[in-house]
Amino acid sequence: MKAFVFDMDGVILDTETISFKTWDIAAAEFGVCDVESAKFRCMGANRADTCQLLREMYGADFPSEKFIDRTNILFDEIWHTDGIALMPFAYETLEMLSKKYPLALATSTRRAKAVVQLKEVGVDHFFTTKTFGDDVAHSKPNPEIYLTACSSLDLSPEECFAVEDSPNGIKSAFSAGLKPIMIPDKFQPDEALKSMCYRIFKDLSELKNLL
């Protein structure tokens with residue numbers, strides 16, 4: 001194995017906690033029922049795919065764009081007031097791995113927002129390449145973002161680990177041919193998801209067991 005490809009939200013940055021809070025607020029404002037199901041279905045998806053999923057769940061006339069705009073406004077309010085925390089062991093793990101492997105980022109978050117967030121917490125320099133949600137036509141669980149990330153390293157997917165926390169992310173990495181490592185955050189894997197995982201670790205510090 002020659003490289004690691006990291007998801008960002010829920011793996012490096014504790015943004016899922018903020019996102020889930022914003023979805024709860026927006027759901028109450030828009031009269032959305034069963035928002036828990038929507039949150040998990042949309043984890044790891046970019047804006048376009050999230051809007052499509054929302055229309056599939058709540059009807060073709062659901063104002064998905066306005067809903068996502070509202071969650072983004074709420075997210076930015078919380079972000080700029082409270083900041084965003086690193087996930088446990090994120091900095092030291094990236095620092096350790098970057099000394100031995102090229103690291104790539106594969107996040108569904110759009111470039112403009114993700115770049116600022118990574119710089120704010122001081123981890124952007126660890127990544128050799130970065131692939132963002134607006135760099136691909138379809139986000140996770142489609143394999144495109146992981147295929148793009150591996151290509152950016154000039155490596156085949158079979159030579160790369162993928163570090164993920166969400167079902168969509170694991171499915172994306174597995175379909176692309178990487179070895180998926182799941183570090184569950186908001187979602188615990190079922191048996192079907194476990195079968196796609198090369199390893200399941202409790203936190204990022206356990207990645208040292210692969211070295």
Side-chain angles (χ1 to χ4, degrees), residues 4-24 26-27 32 34-58 62 64-65 67-68 71-72 75 87 90 104-111 113-114 117-118 130-152 157 160-204:
F4 285 80
V5 184
F6 280 84
D7 175 43
M8 185 181 79
D9 298 297
V11 173
I12 298 169
L13 302 182
D14 188 17
T15 48
E16 299 290 11
T17 298
I18 301 174
S19 292
F20 277 27
K21 185 183 298 184
T22 68
W23 276 58
D24 289 338
V32 172
D34 190 25
V35 71
E36 292 300 314
S37 177
K39 286 190 290 190
F40 287 114
R41 283 192 65 185
C42 295
M43 280 179 68
N46 65 9
R47 181 187 177 95
D49 288 345
T50 296
C51 288
Q52 178 62 32
L53 283 167
L54 289 173
R55 287 191 291 270
E56 290 174 4
M57 294 185 71
Y58 301 121
F62 180 75
S64 57
E65 294 281 351
F67 182 88
I68 295 304
T71 65
N72 286 335
F75 185 100
M87 295 297 289
L105 187 78
T107 177
S108 295
T109 300
R110 68 184 190 275
R111 178 182 296 269
K113 178 174 283 190
Q117 292 173 351
L118 291 167
K130 304 180 185 78
T131 305
F132 302 96
D134 42 356
D135 292 331
V136 295
H138 296 289
S139 61
K140 307 164 187 178
N142 188 289
E144 181 184 1
I145 195 165
Y146 273 105
L147 293 172
T148 302
C150 292
S151 178
S152 73
C160 301
F161 291 113
V163 186
E164 274 284 356
D165 71 306
S166 72
N168 282 339
I170 292 295
K171 292 173 184 176
S172 173
F174 181 80
S175 297
L178 293 81
K179 285 185 167 60
I181 298 166
M182 187 172 190
I183 302 177
D185 178 28
K186 304 299 184 188
F187 185 93
Q188 294 299 318
D190 57 18
E191 291 305 313
L193 203 62
K194 288 178 181 178
S195 69
M196 300 181 192
C197 295
Y198 178 72
R199 293 283 191 277
I200 300 174
F201 291 147
K202 63 180 177 63
D203 59 47
L204 286 168

Pairing of D49 and K140 as salt bridge, 4.0 angstrom limit: no

Identify whether the distance between the nearest side-chain nitrogen and carboxylate oxygen of K39 and E16 falls below 4.0 Å. no

Whether the side chain of N168 engages the backbone of M43 through a donor-acceptor N/O pair (distance < 3.5 Å, no angle test) should be reported. yes

Strictly distance-based, threshold 3.5 Å: is any side-chain N or O of E144 a donor or acceptor partner for the main-chain N or O of H138? yes

Apply ring pair (Phe, Tyr, Trp, His ring centres under 6.0 Å) to F40 and F20, showing your working. CA-CA 9 Å; F40 287 114; F20 277 27; 5.5 Å; yes

Taking D185 for its side chain and D165 for its backbone only, find out whether a donor-acceptor pair lies under 3.5 Å. no

Counting distance only, does the side-chain N/O of S195 pair as donor-acceptor with the main-chain N or O of A192 below 3.5 Å? yes

N/O donor-acceptor pair under 3.5 Å between S152 side chain and A149 backbone: yes

Check: T109/D9 side-chain N/O donor and acceptor closer than 3.5 Å: yes

Have N46 and S139 got a donor and an acceptor in their side chains that come within less than 3.5 Å? yes

Could you pull out all donor-acceptor pairs under 3.5 Å where a side-chain atom in residues 169-177 meets a protein atom, sequence neighbours excluded?
residue : atom : partner : partner atom : Å
S172    : OG   : N142    : O            : 2.8
S175    : OG   : K171    : O            : 2.8

With side-chain hydrogen bond (donor to acceptor under 3.5 Å, both in side chains) as the criterion, how do T17 and K186 come out once you've worked through the C-alpha distance, each side chain's angles and the decisive distance to 0.1 Å? CA-CA 8 Å; T17 298; K186 304 299 184 188; 2.8 Å; yes

